[in-house]
Undergrad: 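Sharing a structure here in structure tokens format.
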Amino acid sequence: MKAQRMLTPLAVGLGLLAGWQALVLLTGLPPFLLPGPGAVASAIASHREVLAQGALTSLTEILAGFALGAGTGAILAVLMASFPRLAAALRPVLLLSQVIPIFALAPILTLWLGFGMAPKITVVALICFFPVASAFLDGLMRSSPACLDLARTMGASRWREMAHIRIPMALPMLGSGLTLAAVYAPIGAVIGEWVGGSEGLGAVMILANGRMRTDLAFAALALVTLIALGFHALVSRLVSRGFARFG
């Protein structure tokens with residue numbers, strides 16, 4: 001069964017590569033429009049140092065932004081669940097943080113924070129913040145009324161009620177928010193690098209497009225995809241192990 005779970009994604013990946021190569025052969029498009037898998041693999045090998053440095057930069061931004069966004073979202077969810085007036089005041093802000101297109105904010109963040117890692121990390125944090133805060137708050141507000149009534153009957157304080165009932169019961173929802181945020185985090189890093197900066201895989205894509213090096217752009221895209229899949233798998237694994245007993 002375990003071997004089947006490992007072989008199925010491998011078979012799907014090989015099928016996609018075969019379909020990609022078939023599309024290249026059937027359409028006859030020139031390599032600068034649609035390079036084949038072999039050309040992309042060659043670009044990865046010939047530009048491995050640039051791509052490795054870009055991948056390291058993007059991964060650092062993803063990890064830092066994810067930690068910042070998820071941590072802030074979780075703390076804010078606890079505060080909003082504890083203070084209803086604060087929740088009523090901040091709910092529109094939460095919604096506003098998502099309706100503003102991140103592409104519109106990224107140039108402003110670059111103007112404020114410079115061309116270093118700070119604006120990219122901030123973009124990742126903004127993208128990760130909402131799913132964590134929203135899912136965790138939803139879980140905190142759905143605690144068992146019977147358990148809450150029992151705790152209040154026994155004289156539990158608000159913070160003991162939060163620490164011993166609400167947060168443990170909401171951890172599965174927090175796990176769902178973290179898993180969803182892990183999918184979005186690499187997107188935020190690439191958006192930040194597209195808008196401003198000279199480092200990271202997003203910057204490699206922009207430079208490659210400007211030079212008509214589509215194979216290199218595809219190589220950077222392939223690495224971003226691998227990082228996203230690996231990061232999502234890591235977070236899912238940590239969540240399933242850490243929160244399993246609360247499910």
Side-chain angles (χ1 to χ4, degrees), residues 1-63 65-66 102-103 106 120 123-124 127-128 131 175-195 197-241:
M1 191 66 182
K2 186 176 180 181
Q4 185 179 1
R5 286 203 301 267
M6 295 178 64
L7 288 175
T8 300
L10 180 62
V12 171
L14 292 175
L16 290 174
L17 286 176
W20 178 5
Q21 184 61 49
L23 182 65
V24 171
L25 294 175
L26 289 174
T27 59
L29 290 172
F32 69 86
L33 287 180
L34 182 61
V40 174
S42 177
I44 291 175
S46 59
H47 296 82
R48 55 186 176 277
E49 293 183 1
V50 173
L51 291 170
Q53 183 60 44
L56 181 61
T57 301
S58 297
L59 186 58
T60 302
E61 295 164 357
I62 291 167
L63 293 175
F66 180 82
I102 201 67
F103 269 110
K120 289 80 172 177
V123 170
V124 176
I127 285 182
C128 294
S176 298
L178 290 172
T179 305
L180 187 60
V183 175
Y184 295 143
I187 299 172
V190 171
I191 289 175
E193 290 162 358
W194 278 352
V195 173
S198 57
E199 297 181 348
L201 291 174
V204 173
M205 290 182 201
I206 294 296
L207 291 174
N209 279 337
R211 298 171 182 173
M212 299 294 284
R213 290 295 309 271
T214 315
D215 54 344
L216 182 56
F218 267 78
L221 179 61
L223 289 181
V224 170
T225 305
L226 288 176
I227 289 174
L229 290 174
F231 187 57
H232 178 259
L234 174 64
V235 172
S236 299
R237 185 74 172 171
L238 293 176
V239 164
S240 63
R241 284 196 171 188

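Remember, predicted model here, so these are calculated numbers, not experimental data. We use all heavy atoms of the structure for the numbers below, so side chains are in, but hydrogens, waters and symmetry mates are not.
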Undergrad: Applying ring-ring contact (aromatic ring centres under 6.0 Å, His included), can you list everything that pairs with W20, at least two apart in sequence or on another chain?
TA: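 With sequence neighbours excluded, W20 shows a ring-ring contact (aromatic ring centres under 6.0 Å, His included) to F218, given in chain and number order.
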Undergrad: How long is the gap from OG1 on T214 to CG on N209, to the nearest 0.5 Å?
TA: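 The distance works out to 6.5 Å.
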Undergrad: Taking side chain as C-beta onward, heavy atoms only, is V24 less than 4.5 Å from L29?
TA: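 No. Closest side-chain heavy atoms not under 4.5 Å.
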Undergrad: Could you measure the distance from the CG atom of L201 to the CD1 atom of I206? Nearest 0.5 Å is fine.
TA: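 Between L201 CG and I206 CD1, I get 12.0 Å after rounding to 0.5 Å.
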Undergrad: Is any side-chain heavy atom of V224 less than 4.5 Å from a side-chain heavy atom of M205?
TA: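 In contact.
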Undergrad: Check whether any side-chain heavy atom of S176 lies under 4.5 Å from a side-chain heavy atom of L180, and answer yes or no.
TA: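 S176 vs L180: side chains apart.
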Undergrad: What's the separation between atom CG in L51 and atom CG in L56, rounded to the nearest 0.5 Å?
TA: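 It is 12.5 Å, given to the nearest 0.5 Å.
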Undergrad: Kindly give the heavy-atom pair with the smallest separation between P186 and I62, and that separation in Å.
TA: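 Looks like CA-CD1, 3.7 Å.
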Undergrad: Tell me every residue that passes side chain to side chain contact (heavy atoms under 4.5 Å, CB included) with L238, counting only those two or more places apart in sequence or in another chain.
TA: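 Applying side chain to side chain contact (heavy atoms under 4.5 Å, CB included) to L238 gives L234.
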Undergrad: Any non-hydrogen side-chain atom of V183 less than 4.5 Å from a side-chain atom of F231?
TA: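 The answer is no, as the side chains (C-beta and beyond) never meet within the 4.5 Å cut-off.
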Undergrad: Run the side chain to side chain donor-acceptor pair (under 3.5 Å) test against E61 and tell me which residues pass, sequence neighbours left out.
TA: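 For E61, no residue satisfies side chain to side chain donor-acceptor pair (under 3.5 Å) once neighbours in sequence are set aside.
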Undergrad: Identify which one of S42, P31, P35 satisfies the side chain to side chain contact (heavy atoms under 4.5 Å, CB included) criterion when paired with D215.
TA: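 Result for side chain to side chain contact (heavy atoms under 4.5 Å, CB included) with D215: P35.
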Undergrad: Taking side chain to side chain contact (heavy atoms under 4.5 Å, CB included) as the test, write out the residues that go with L16, two or more places apart.
TA: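 L16 satisfies side chain to side chain contact (heavy atoms under 4.5 Å, CB included) with V12 once adjacent residues are dropped.
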Undergrad: Strictly by side chain to side chain donor-acceptor pair (under 3.5 Å), give each pair with a member in residues 180-193 just once, sequence neighbours left out.
TA: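 Qualifying pairs: S58-E193.
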Undergrad: Please, which pairs that meet ring pair (Phe, Tyr, Trp, His ring centres under 6.0 Å) have at least one residue in residues 31-62, sequence neighbours excluded?
TA: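 Matches after skipping sequence neighbours: none remain.
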